[in-house]
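Contents: one structure, followed by commentary.
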Protein chains: 2
Amino acid sequence: MTRTIVASATREIIIGFDQPFCVIGERINPTGRKKLAAEMAAGNFETVIKDALEQVAAGATMLDINAGVTSVNPNETEPGLLVQTLEIVQGLVDIPLAIDSSVTAAIEAALKVAKGRPLVNSVTGEEEKLEAILPLVKKYDVPVVAISNDETGISMDPDVRFAVAKKIVERAMDHGIKPHDIVVDPLVMPIGALGDAGRQVFQLLYRLRNELKVNTTCGLSNISFGLPHRHGINAGFIPMVIGAGMTSAIMNPCRPQEMEAVRAANVLNGTDPNCTNWIMTYRDHKPAEGGAVAAAASGQAAGGRRGGRAARAGAGAVRE
Amino acid sequence: MTRTIVASATREIIIGFDQPFCVIGERINPTGRKKLAAEMAAGNFETVIKDALEQVAAGATMLDINAGVTSVNPNETEPGLLVQTLEIVQGLVDIPLAIDSSVTAAIEAALKVAKGRPLVNSVTGEEEKLEAILPLVKKYDVPVVAISNDETGISMDPDVRFAVAKKIVERAMDHGIKPHDIVVDPLVMPIGALGDAGRQVFQLLYRLRNELKVNTTCGLSNISFGLPHRHGINAGFIPMVIGAGMTSAIMNPCRPQEMEAVRAANVLNGTDPNCTNWIMTYRDHKPAEGGAVAAAASGQAAGGRRGGRAARAGAGAVRE
């Protein structure tokens with residue numbers, strides 16, 4: 001069984017097919033957040049602190065830490081800023097972190113100060129990336145996100161993306177890195193632009209799970225880019241990728257609809273034993289939508305062992 | 001490609017792997033609804049009419065019609081009541097219907113008056129049922145729901161349930177009924193009582209789709225029986241069963257959360273071309289939950305063809 005172990009100073013988390021879905025909080029990332037970028041560049045970490053606490057409170061399993069504020073020379077400025085951000089967050093919350101940067105020097109600087117066993121985010125199939133990142137992953141004995149694109153870009157052919165993922169896993173093995181420390185990102189495209197984006201990912205996840213036997217992740221909300229009511233698409237996508245074998249995602253844990261989908265999928269996938277987490281979270285749930293009455297099960301008795309229409313209707317219908 | 005054709009007086013619907021998920025409205029069923037049972041027994045069809053109109057307005061693809069009011073002798077009373085109910089509904093709405101009864105005489109009486117091509121609900125693997133229902137299915141050239149239990153009850157072993165489904169398909173073929181006219185119900189058990197219930201169904205659906213190549217259905221809300229916030233479990237279950245190959249379900253279309261999950265899964269499964277139905281339904285969607293700002297995509301440009309962290313974050317994150 002594939003087990004990717006990540007850890008904070010004192011807490012260890014396992015990413016795996018038999019584990020609850022690993023929610024990697026995406027909020028601490030200035031990409032596309034001008035205000036946050038300006039704050040971080042000015043040494044103001046108020047929003048970072050707020051985002052860290054809120055994401056943990058909302059149920060994040062891990063937090064992604066990105067300090068890529070737009071800069072003339074990120075190679076000079078990003079290492080210091082990433083280290084500063086990481087140290088603030090790991091001094092504040094005790095959950096595993098992902099070190100997220102496209103700057104190799106920033107990743108190494110963060111690895112030097114990180115407590116526990118962080119996840120490196122990321123390497124790609126590009127030669128330059130492989131040769132820069134894999135030695136660090138080996139040296140610091142940490143897992144890494146492997147994004148399935150290379151010098152030629154992102155292939156629209158899922159088989160090519162699978163081949164890129166396989167190449168990264170093999171190259172990592174050449175460096176002495178075990179496949180269970182590679183978390184493959186099959187790359188999620190916007191379904192509004194590419195109608196096949198969902199089925200591509202499901203097919204890739206199936207092969208990644210059954211052939212490469214690796215854990216997987218993705219930038220989840222990419223799927224809904226450009227569509228109205230994105231949270232509804234995201235909340236439908238989560239159970240589908242979990243059912244197809246995905247074991248983690250970089251996403252916003254502060255969205256109740258998405259987190260509810262994660263919790264439901266954990267119940268249905270058998271990784272919330274006795275539905276304990278679901279029941280603790282929703283036992284006092286009151287439906288918010290107009291016209292709905294109590295959502296809790298009515299007093300009807302469950303159908304007996306005999307099947308057929310009567311048992312089905314008696315046990316199951318939500319009568320309101 | 002498996003295609004199960006159902007029809008009303010003028011409208012034909014295809015159930016199939018490449019079709020939008022077929023939502024069979026479950027409301028017109030007095031099982032567990034004492035008030036409705038009393039009304040129907042007294043010849044009052046006000047609730048039936050209301051339920052028919054509401055379910056069609058909510059987006060049902062088909063309507064299930066059950067007139068099984070508790071009675072001393074259903075063999076005498078149910079045929080007449082089912083025919084009456086069916087005629088009222090098919091005079092009111094023009095979508096395909098499912099004739100739902102455990103009384104063979106009621107099914108035949110309804111088949112005699114039904115317009116179009118109704119779905120018979122249901123046959124099981126029980127010898128008596130097979131010999132009673134399959135000749136009617138052949139005579140009236142209609143599709144039938146095949147529930148995967150037999151004289152021994154519902155097996156907890158998915159392989160046995162698969163074997164029962166296979167037996168029904170083979171027996172139907174002996175009667176000259178094509179496999180594409182068999183819609184298998186793999187039987188959904190409550191996940192709160194049986195932690196494996198989800199994975200059992202996903203595994204069965206995979207085999208039913210790939211080995212028997214049949215369409216499938218289920219009493220969907222059974223899965224959440226006994227749990228708090230059942231709609232959340234149902235809404236997570238829907239994308240998972242659709243991803244696993246289920247093509248229809250008997251469910252309540254008047255629940256917005258469940259129908260949103262159906263629509264999202266159709267988008268992601270490639271059966272809502274150009275996301276047209278999603279966009280038409282949710283283009284003016286305003287999130288109801290506290291703290292949420294506009295859910296529509298922000299003005300960020302989608303990432304280019306090059307992958308990696310920056311493209312992923314830029315294209316995908318829902319920033320609010």
Side-chain angles (χ1 to χ4, degrees), chain A residues 26 29 31-33 102 122 124 147 149 153-154 187 191-192 195 198-199 202 219 221-222 225-233 236-237 239-240 243-244 256 260-261 264-265 267-268 270 275 279 282-283 285 288-289 295-297 300 302 305-309 312-319, chain B residues 26 29 31-33 102 122 124 147 149 153-154 187 191-192 195 198-199 219 221-222 225-233 236-237 239-240 243-244 256 260-261 264-265 267-268 270 275 279 282-283 285 288-289 295-297 300 302 305-310 312-319:
Chain A
E26 74 182 6
N29 187 335
T31 315
R33 297 178 76 184
S102 54
S122 56
T124 68
I147 302 184
N149 73 290
I154 302 173
L187 283 164
I191 191 101
R199 284 168 297 172
F202 308 145
S221 60
N222 263 16
F225 183 77
L227 289 179
H229 188 26
R230 293 185 64 176
H231 301 296
I233 293 287
F237 190 51
M240 293 181 97
E260 182 175 311
V267 167
L268 297 160
C275 313
I279 292 169
Y282 297 108
R283 59 186 167 185
H285 180 84
E289 304 202 62
Q300 295 168 24
R305 257 184 64 81
R306 292 290 292 226
R309 174 183 58 84
R312 189 171 66 197
V318 183
R319 302 291 181 204
Chain B
E26 73 183 5
N29 187 337
T31 315
R33 296 177 77 184
S102 54
S122 56
T124 68
I147 302 184
N149 72 291
I154 301 172
L187 282 165
I191 190 102
R199 285 168 297 173
S221 60
N222 263 15
F225 181 77
L227 289 178
H229 187 28
R230 295 184 63 176
H231 301 297
I233 294 287
F237 190 53
M240 292 181 98
E260 184 174 309
V267 167
L268 296 161
C275 313
I279 292 168
Y282 297 108
R283 59 187 166 184
H285 179 85
E289 304 203 63
Q300 297 169 22
R305 257 183 63 81
R306 292 291 291 228
R309 177 183 57 83
R312 189 172 65 195
V318 183
R319 303 292 182 202

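Every chain is numbered from 1, with letters handed out A, B, ... down the list of sequences. Heavy-atom basis, side chains included; hydrogens, waters and symmetry copies ignored.
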Query raised in the report: Of all residues at least two apart in sequence or in a different chain, which pass the ring pair (Phe, Tyr, Trp, His ring centres under 6.0 Å) check with A:Tyr282?
Result: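 A:Trp278, A:His285, B:His229.
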Report summary line: Of the listed B:Ala244, B:Gly195, B:Gly192, B:Cys275, the one with the largest count of heavy-atom pairs under 4.5 Å with chain A is B:Cys275
Query raised in the report: B:Gly198, B:Gly270, B:Gly243: which one forms the most heavy-atom pairs within less than 4.5 Å of chain A?
Result: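 Answer, by heavy-atom pair count under 4.5 Å with chain A: B:Gly270.
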Query raised in the report: Is the shortest heavy-atom distance from the side chain of A:Pro239 to the side chain of A:Leu268 under 4.5 Å?
Result: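 Result no, sub-4.5 Å side-chain heavy-atom pair not found.
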**Report entry** Contact class of A:Ala265 relative to chain B, heavy atoms under 4.5 angstrom
**Finding:**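 Contact with chain B: backbone and side chain both.
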Report summary line: On a heavy-atom basis, the closest approach of B:Leu187 and B:Asn149 is CD1-CB, 3.8 Å
Query raised in the report: Looking at CD1 of A:Ile233 and CG of A:Leu227, how far apart are the two atoms once the value is rounded to the nearest 0.5 Å?
Result: 5.5 Å
**Report entry** Atom group of B:Ala261 that falls short of 4.5 Å from chain A, counting heavy atoms
**Finding:**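 Contact with chain A is absent: no heavy atom of B:Ala261 under 4.5 Å.
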